[in-house]
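This report refers to the structure that appears directly beneath it.
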Amino acid sequence: MPLASTAATCADTTAAGADVAVRLVDLTAHDEATARAASVLTPAELARARRGTPAVHRRRVLLRAALRVALAAELGVSPGAVPLRTAPSGRPGVEVPGLDVSCSAGGDLGLVAVGRDCRVGVDIEQVTPWTTDVLGERWLSPVEQCALTRLPATARAVATARAWTQKEAVLKARGTGLLEDPRTTVTPIGQQAGTVAGWSVRDVPVPEGWVASLAVARNEERTR
Ligand SMILES: CC(C)(COP(=O)(O)OP(=O)(O)OC[C@H]1O[C@@H](n2cnc3c(N)ncnc32)[C@H](O)[C@@H]1OP(=O)(O)O)[C@@H](O)C(=O)NCCC(=O)NCCS
């Protein structure tokens with residue numbers, strides 16, 4: 001199996017006037033395919049991947065290789081030659097002006113996003129049954145909690161997962177991740193697209209039972 005077949009393009013999209021390609025990545029590869037993916041990673045990337053359990057190792061290798069494959073296609077170089085870096089915050093970045101990347105993994109699914117002339121963040125999450133316990137988990141603002149409880153009961157599970165992915169997508173686009181209190185990033189509960197803290201957010205199509213969000217801001221529009 002060629003390395004590139006671990007990723008399938010799921011959306012080449014224009015969000016907020018920005019040019020973003022998002023790929024869905026199959027993270028179920030067998031050992032041979034994982035070893036092939038590992039061959040394009042740097043020693044530092046391999047060392048980081050090895051710090052996890054076998055499942056985390058495989059996920060990290062496949063996701064990082066998918067990032068490299070997506071960027072290699074963009075830059076016309078081999079995946080191993082992509083100047084992909086990791087900031088001290090953990091945020092991935094590419095040393096090419098105008099290009100930005102983000103990635104996420106959930107179970108056996110991964111997402112990689114490549115933005116041109118914009119900053120991007122992506123996140124994927126499995127939908128789990130709604131319970132009121134969510135309201136005590138301290139990641140939703142009071143306004144979001146109120147909006148969630150006003151939704152029909154059947155809509156709350158997806159809306160909760162989407163609120164999480166929209167927040168994480170924005171926090172990853174910023175580069176702060178969960179070092180920032182997620183309650184201060186307020187999402188439009190129940191909406192597949194909108195504006196969150198100045199970032200354009202929208203659903204990314206993923207298999208049933210999952211929700212994924214993309215956050216984008218064009219470079220000239222970004223305030224923080
Ligand atoms: C960003 C963050 C929310 C992602 O957590 P998650 O939901 O468990 O993981 P996801 O699968 O959705 O995303 C993981 C990817 O996000 C990226 N990422 C990590 N930190 C990031 C950050 N600060 N900003 C943007 N992207 C980040 C990485 O590429 C990571 O993939 P990797 O683990 O294979 O390197 C979480 O890692 C975080 O809050 N990190 C910042 C705070 C922190 O602990 N920093 C430590 C410095 S090393």
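For ligands, and for the atoms within them, numbers begin at 1 and follow the listed sequence.
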Ser213: which of Thr165, Asp123, Thr187 passes side chain to side chain donor-acceptor pair (under 3.5 Å): Thr165
Atom 3 (C) of ligand 1 protein-contacted, heavy-atom criterion under 4.0 angstrom: yes
Side chain to side chain contact (heavy atoms under 4.5 Å, CB included) between Leu111 and Val25, intermediate numbers included: CA-CA 6 Å; Leu111 275 184; Val25 184; over 6 Å; no
Under 3.5 Å: N/O of Arg64 near N/O of ligand 1: no
Least distance between heavy atoms, Gln166 atom then Pro188 atom: OE1-CD, 3.3 Å
N or O contact, Pro88 vs ligand 1, cut-off under 3.5 Å: no
Atom indices of ligand 1, in the order listed, that fall short of 4.0 Å to a heavy atom of Leu179: 42 (C)
Residue that, paired with Leu84, satisfies side chain to side chain contact (heavy atoms under 4.5 Å, CB included) out of Leu41, Leu71, Val96: Leu71
From Gly90, Gly106, Cys103 - option closest to atom 15 (C) of ligand 1 by heavy atom: Cys103
Atom 44 (O) of ligand 1 protein-contacted, heavy-atom criterion under 4.0 angstrom: no
Set of side-chain contact (heavy atoms from CB on, under 4.5 Å) partners for Ala73, sequence neighbours left out: Arg23
Atom 9 (O) of ligand 1 touched by protein (heavy atom, under 4.0 Å): no
Side-chain ion pair, Asp19 and Arg218, N-O less than 4.0 Å: no
Heteroatom distance test (Thr176, ligand 1): nitrogen or oxygen, under 3.5 angstrom: no
N/O separation below 3.5 Å, Leu178 to ligand 1: yes
Contact atoms of ligand 1, heavy-atom distance to Ser89 under 4.0 Å: 20 (N), 21 (C), 22 (C), 23 (N), 41 (C), 45 (N), 47 (C)
Close side-chain approach of Leu63 to Cys103, heavy-atom, < 4.5 Å: yes
Test item: protein heavy atom less than 4.0 Å from atom 18 (N) of ligand 1: yes
Gly175 N/O under 3.5 Å from ligand 1 N/O: yes
Atoms of ligand 1 close to Ser104 [distance to a heavy atom under 4.0 angstrom, numbered from 1]: 10 (P), 11 (O), 12 (O), 13 (O)
Nearest neighbour of atom 12 (O) of ligand 1 from the list Lys172, Glu168, Glu45, on a heavy-atom basis: Lys172
